[in-house]
Amino acid sequence: MGRELLFAYIMRRIDHTPDLATFVLKTEPRDAFSWLPGQYCTIGIDDGKGGIVDPRPYSIVSCPEDGVIELFVELGPPPDGNLTPKLWALKEYDHVRLLPKAKGKLLFEPAFRNHVMVATVTGIAPFLAMLWRHFREQTLADHRFLILHGARYQDELTSRYRNELSDLATLLPDQFCYVPAITKPDEERNRGFLGAVGRLPSLLEGAIASRGFVAEETIVYLCGNPDMIVAAKTIAERLGCVTREEQFWKPAKEALR
Ligand SMILES: Cc1cc2nc3c(=O)[nH]c(=O)nc-3n(C[C@H](O)[C@H](O)[C@H](O)COP(=O)(O)OP(=O)(O)OC[C@H]3O[C@@H](n4cnc5c(N)ncnc54)[C@H](O)[C@@H]3O)c2cc1C
């Protein structure tokens, strides 16, 4: 396995909050790793003997054409997190190890006219990659997009990604709708927030209706928190929409009851 592993340098690190960061990685050679927008890579710490420590999957924000692998990562919940505390200790020009193949089946499905993308915090990653690809190829206008991005606090939506999505909504108001949402509106950290308030599953039906999306032409992609995915999937399927999902961790037992 050691010989198959790739090196990736941290070209840039952006700390959005104490527990949310973007890592922009560069492989050597530059084209050593390829992927489809929506897929994920697996990274870990170099063990110094050609191996990898604590490999974990991360959805890729960037497109292959960008020449870098951009990841949007949340520091794992202590004391359980194994990889993320080690990642947090890394700085620019440190390196990580990368498994050579991208994986994942959460891919854009062009047969549908309407694309509803529902994400908690870092779950926005695969959708950003899909959207950049369409923006670059100027095919955004062939489809209609509704993006629901939820977090507890507005800074967890991050100005980096929130601004990019807001710009697309301004540029293509008929094709593209972006709904940033928070769940703790009364907290000081959310002062001045002008987006939606509430959990994503409770916002989903109204958001789809407000865009006039017909169920048969609509696919709902869900990514991130498994509890959100279980609840939102139930609603999307009740409406008659096809769903696709990528769960970032195992659901709480309560959500399965
Ligand atoms: C396909 C896929 C794509 C993923 N993409 C991303 C991504 O783009 N960005 C990202 O930050 N994470 C992503 N994850 C989660 C990531 O792989 C790790 O699980 C996470 O970073 C924690 O790793 P850790 O080693 O620090 O914690 P671990 O040692 O793996 O342990 C953490 C424990 O908490 C659970 N857990 C993991 N993440 C969370 C969380 N956010 N909140 C609550 N519990 C959690 C785990 O299931 C585990 O029980 C993805 C997971 C999968 C399966």
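As the structure is a prediction and not an experimental result, all values here were calculated from the model. In each ligand, atom 1 is the first atom listed, and ligand 1 is the first ligand listed.
For ligand 1, none of its N or O atoms has an N or O atom of G81 under 3.5 Å away. Polar contact check, A125 against ligand 1: no nitrogen or oxygen pair lies under 3.5 Å apart. For Y40, no nitrogen or oxygen atom sits less than 3.5 Å from a nitrogen or oxygen atom of ligand 1, counting backbone and side chain alike. The shortest N or O to N or O distance between F72 and ligand 1 is below 3.5 Å.
Note on ligand 1: Q247 sits in its first shell, one or more heavy atoms being nearer than 4.0 Å. Ligand 1 lies out of reach of D54, whose nearest heavy atom is not under 4.0 Å from it.
The 12-atom threshold is not exceeded at CZ of R199, counting heavy atoms of other residues, nucleotides or ligands nearer than 6.0 Å.
Nearest-heavy-atom check against atom 52 (C) of ligand 1 across P226, G123, P57 picks out P57. Scanning K86, R56, Q39, K105 for the heavy atom closest to atom 23 (O) of ligand 1 points to R56. For atom 20 (C) of ligand 1, the candidate residues are F248, Y58, W249; the nearest heavy-atom contact is made by Y58.
Applying the ring-ring contact (aromatic ring centres under 6.0 Å, His included) test to residues at least two apart or on different chains, the pairs with a partner in residues 28-55 are F33-W35.
Judged by distance alone, the side chains of T120 and N225 never bring a donor and an acceptor atom under 3.5 Å apart. Side-chain contact, Y153 with E187: a donor N or O sits under 3.5 Å from an acceptor N or O.
For atom 48 (C) of ligand 1, no protein non-hydrogen atom is found at a distance below 4.0 Å.
For the pair E245/P226, no side-chain contact is recorded, criterion being any heavy-atom separation below 4.5 Å from C-beta on. Between F145 and L131, the closest side-chain pair of non-hydrogen atoms falls below 4.5 Å. Taking the side chain as every heavy atom from C-beta outward, V118 and I229 never approach each other to under 4.5 Å.
The protein atom (non-hydrogen) at minimum distance from atom 34 (O) of ligand 1 is P77 CG, 3.8 Å. The single protein non-hydrogen atom nearest to atom 8 (O) of ligand 1 is S59 N, 3.2 Å, given as residue, atom name and distance. The protein atom (non-hydrogen) at minimum distance from atom 11 (O) of ligand 1 is E74 N, 2.8 Å. In terms of protein heavy-atom proximity, atom 31 (O) of ligand 1 is nearest to D80 O, 3.6 Å. The protein heavy-atom contact nearest to atom 26 (O) of ligand 1 is T84 OG1, 2.5 Å.
Those atoms of ligand 1 with a heavy atom of V73 less than 4.0 angstrom away are 11 (O). Heavy-atom proximity to N82, at under 4.0 Å, picks out these atoms of ligand 1: 24 (P), 25 (O), 26 (O), 27 (O), 28 (P), 29 (O).
Using cut-offs of 30° and 60° for the angle between ring planes, the F72 and Y161 rings count as tilted. Ring orientation note: the planes of H115 and H143 are nearly perpendicular, at an angle over 60° on the 30°/60° scale.
With a heavy-atom cut-off of 4.0 Å, E246 touches ligand 1 through its side chain alone.
Ring centroids of H149 and F127 are separated by 6.0 Å or more, keeping the two rings apart.
If you take CG on D46 and CZ on R97, they are separated by 4.5 Å, rounding to the nearest 0.5 Å.
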